[in-house]
Amino acid sequence: MSEQTLSYEEAREELIEVVRALEAGGTGLEESLALWERGEKLAALCQEWLDGARKRLDEAMGQGED
């Protein structure tokens with residue numbers, strides 16, 4: 001599944017699985033690097049979701065106005 005189609009919850013769950021796999025070890029260098037790269041993408045996506053939610057909350061509360 002591409003990053004653009006993942007919900008926040010899906011991205012977070014996949015990120016948790018990536019972290020678990022990395023912490024468990026037992027993977028080769030190439031696989032570990034691929035997991036790390038996927039984790040970075042998922043973390044960035046989660047941050048985008050959170051930033052968007054914060055912006056919407058701020059706007060709803062009238063704090064988004066200068």
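As the structure is a computational prediction, the values presented were derived from the model and not from experiment. Just so you know, residue 1 is the first one in the sequence shown, and it goes up from there.
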Check: Are L45 and Y8 close enough, and set up right, to give a side-chain contact (heavy atoms from CB on, under 4.5 Å), and what steps lead you there?
Finding: CA-CA 8 Å; L45 178 61; Y8 170 78; over 6 Å; no

Check: Taking only residues two or more places apart in sequence, or in another chain, which ones meet E31 in a side-chain contact (heavy atoms from CB on, under 4.5 Å)?
Finding: T27, L35

Item checked: Listed partners of R54 passing salt bridge (charged side-chain N to carboxylate O under 4.0 Å, His left out), at least two apart -> D58

Check: With ILVMFWY side chains joined below 4.5 Å, transitively, what does L29's cluster contain besides itself?
Finding: L33

Notebook entry, point to check: With a cutoff of under 4.5 Å between side-chain heavy atoms, which Ile, Leu, Val, Met, Phe, Trp and Tyr residues group with I16?
Noted result: none

Next item on the list: Considering non-hydrogen atoms only, spot the tightest contact between W49 and L6 and give its length.
Entry: NE1-O, 3.4 Å

Item checked: Hphob cluster co-occupancy, L57 + L50, side-chain heavy atoms under 4.5 angstrom -> no

Check: Looking only at atom types and distance, does a side-chain atom of E10 sit under 3.5 Å from a main-chain N or O of S7, one as donor and one as acceptor?
Finding: yes

Notebook entry, point to check: Partners of E17 by salt bridge (charged side-chain N to carboxylate O under 4.0 Å, His left out), sequence neighbours excluded?
Noted result: R20

Margin query: So for atom CD, which belongs to E30, do other residues, nucleotides or ligands contribute more than 12 heavy atoms lying within a distance under 6.0 Å?
Written below: no

Check: To the nearest 0.5 Å, what is the distance between SG (C46) and NZ (K41)?
Finding: 14.5 Å

Item checked: Under the side-chain hydrogen bond (donor to acceptor under 3.5 Å, both in side chains) test, residues paired with Q47 that sit two or more places apart -> D51

